[in-house]
Structure formats: structure tokens, C-alpha cells
Amino acid sequence: MKKVILSLLIVVFLTGCVSIQNASIDELVDTTINSKYALYNHVNRGFKYYLPRELEVSKSDKYNEIIKSKYYDYYLYVDLVRYFNKDSEDYQEKEGIFYSTILSNKDKKGILNITELANQEYLIEASFNYANIEVKVKEKDINEAVTNALSILTSIEFNYDVVKNLLQDDKMNSKEEQVDVFKGDLSEDAYLDIEEEIYTDDENKDPDMIN
């Protein structure tokens, strides 16, 4: 019951009491991107973020996660190299697709693209705060998926020292090592080649985690 109540509260906070299903995509983007509520309940190596309660992480490594809902898989890629180098990216809206808009909040930039596919599916591609999320959904679930994706991306917070150590250990402090997840497909094998064991380290557990 506590999980359900917390989920409802977060929805209210992020959408300003506007129903997700009845809101326009523009309204969802504006309220989520500009949310002032900083909550974290999921920690990975080098970053943490708010994971909506109806979602769960099924696979994880230092840079990629597969996040599952009841019906869909969200593919998250966090670009630690670009974060560490403070590289900016020039985003441009796409013409001729279902929806495209630039995301902006202070010094953080990104883009949200929604493309209509075959079989009444839609590909949502969101990039913000040195991270990307992709998910394929049915049209009736676009608003919910957009809210989930942007809630995750806007809440990501990095630990600079941990990221620095990770990149040094992996010898990845080179721009040529960056990956563009949006150029791949959405299969688990193509997206995420990792060990099955999810990293847990009590010494690095963040005090801001919501139990």
C-alpha cells in the first residue's frame, strides 16, 4: 500500500494534478522536465535516479539497464564518458515523425522523439542529462511511457569521483569509446551484454535511497 501511495504522490507532483492519460504530451514534458522534486530510490555505480514504482530493473551494468514494466521494456544507456568530459550535444527536432521536441532545463539539454512504427507501435526515444531511454509501446500507453522515461532521465544524479574511477579502471576516458544506443535495435542481446548478477555494494549505498 505504501508503494501505491508513493506512486500516486509522485504522479501528482510531476503532473501538477493533471491526469497523465488526459494530458497532452507537451504538458507532460513541461511538468516533468521542470519538476523541483528530487527523489532517488535506485543506485548504480556512478549514478542514481528515481525509478517509478511500477517499474523494476531486470538487468544492469555500469552503463546500461533494462527496466521492465508489466508490458514493456525500457532500455537505459547512461553516457558516463560524455558526462565526465562535460561534452554538450546539438539537438534538433525531427520533421515528419509523430512527435519531436527539444528538452531544456537550465544547463541540461535533450530531445524527445516519438516515431510511429508498424503494427500500431510507437518508438519513444528520449535523451537528457547524459542518458538515453528507448521503449516501444502501443499508442494508448505513450503518455505513461513518456512520463516514466522523463521521470528517470530528469532525476539522474552522477557521482563524479565514482565515474572518474570507473573510467580510469576501464580505460574509457576517450571520446571514441562513446556508444550511440539510438543506432541499435531494441533486442536485449543487441542492447545489453552483461553479467546476470546486479551490482550491489553496501559501502556505496546512497543515504538518499528510498527503502
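Note that this is a predicted model, so its numbers are computed, not measured.
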* Do F47 and N129 come close enough that some side-chain heavy atom pair is under 4.5 Å? -> no
* **Distance, nearest 0.5 Å, that separates OH of Y122 from CD of E139** => 3.5 Å
* Structure fact -> In this structure, OH of Y50 is separated from CG of N41 (nearest 0.5 Å) by 6.0 Å
* Check against side-chain contact (heavy atoms from CB on, under 4.5 Å), Y75 and I133 -> CA-CA 5 Å; Y75 295 87; I133 285 182; over 6 Å; no
* Whether over 12 other heavy atoms sit under 6.0 Å from Q92 CD -> no
* Structure fact -> Nearest heavy-atom contact between G110 and F128 is N-CD1, 3.9 Å
* To do: For residues L117 and N119, determine if any side-chain heavy atom of one lies less than 4.5 Å from a side-chain heavy atom of the other.
  => no
* To do: Specify the closest pair of heavy atoms between S58 and K68, including all atoms of both residues, with the distance to one decimal.
  => OG-CE, 3.4 Å
* For G46 against V163, the heavy-atom pair lying closest together -> O-CG2, 3.5 Å
* Could you tell me which non-hydrogen atom of A131 sits nearest to which non-hydrogen atom of I156, and how far apart they are? => CB-CD1, 3.5 Å
* **Pair L76-L153, side-chain contact (heavy atoms from CB on, under 4.5 Å): steps then yes or no** => CA-CA 9 Å; L76 170 67; L153 294 179; 4.1 Å; yes
* Asked: Heavy-atom distance under 4.5 Å between the side chains of E125 and N132, does that happen here?
  -> no
* Asked: Rounded to the nearest 0.5 Å, what separation is found between the CG atom of D61 and the NZ atom of K59?
  -> 11.0 Å
* Asked: Between the main-chain N or O of I152 and the side-chain N or O of S155, is there a donor-acceptor pair closer than 3.5 Å?
  -> yes
* **Reported CG-to-CD1 distance for the pair L28 and I142, which is rounded to 0.5 angstrom** => 11.0 Å
* Asked: With sequence neighbours excluded, what pairs up with E116 under the salt bridge (Lys or Arg N to Asp or Glu O under 4.0 Å) test?
  -> none
* Quick one: does S35's side chain have a donor or acceptor within less than 3.5 Å of a partner on T31's backbone? -> no
* Can you name the closest pair of heavy atoms from R82 and Y130 and give their distance? -> O-CE2, 3.5 Å
* Looking at side-chain heavy atoms only, is the closest gap between S60 and N44 below 4.5 Å? -> yes
* Pairwise distance NZ(K138) to CD(Q120) - rounded to 0.5 angstrom -> 6.0 Å
* Asked: How many angstroms lie between atom CD1 of I33 and atom CG of N105, to the nearest 0.5 angstrom?
  -> 7.0 Å
* Asked: Which pair of heavy atoms, one from E54 and one from N148, lies closest together, and at what distance?
  -> OE2-OD1, 3.0 Å
* Who are the side-chain hydrogen bond (donor to acceptor under 3.5 Å, both in side chains) partners of Y83, not counting sequence neighbours? -> none
* **Pairwise side-chain contact, Y72 with E144, heavy-atom cut-off 4.5 Å (strictly under)** => no
* Would a 4.5 Å heavy-atom cut-off, applied to side chains only, mark I97 and I114 as touching? -> no
* To do: Answer whether the closest heavy-atom distance between the side chains of L150 and L103 falls below 4.5 Å.
  => yes
* **Student check: side-chain heavy atoms of Y99 and L112 closer than 4.5 Å** => yes
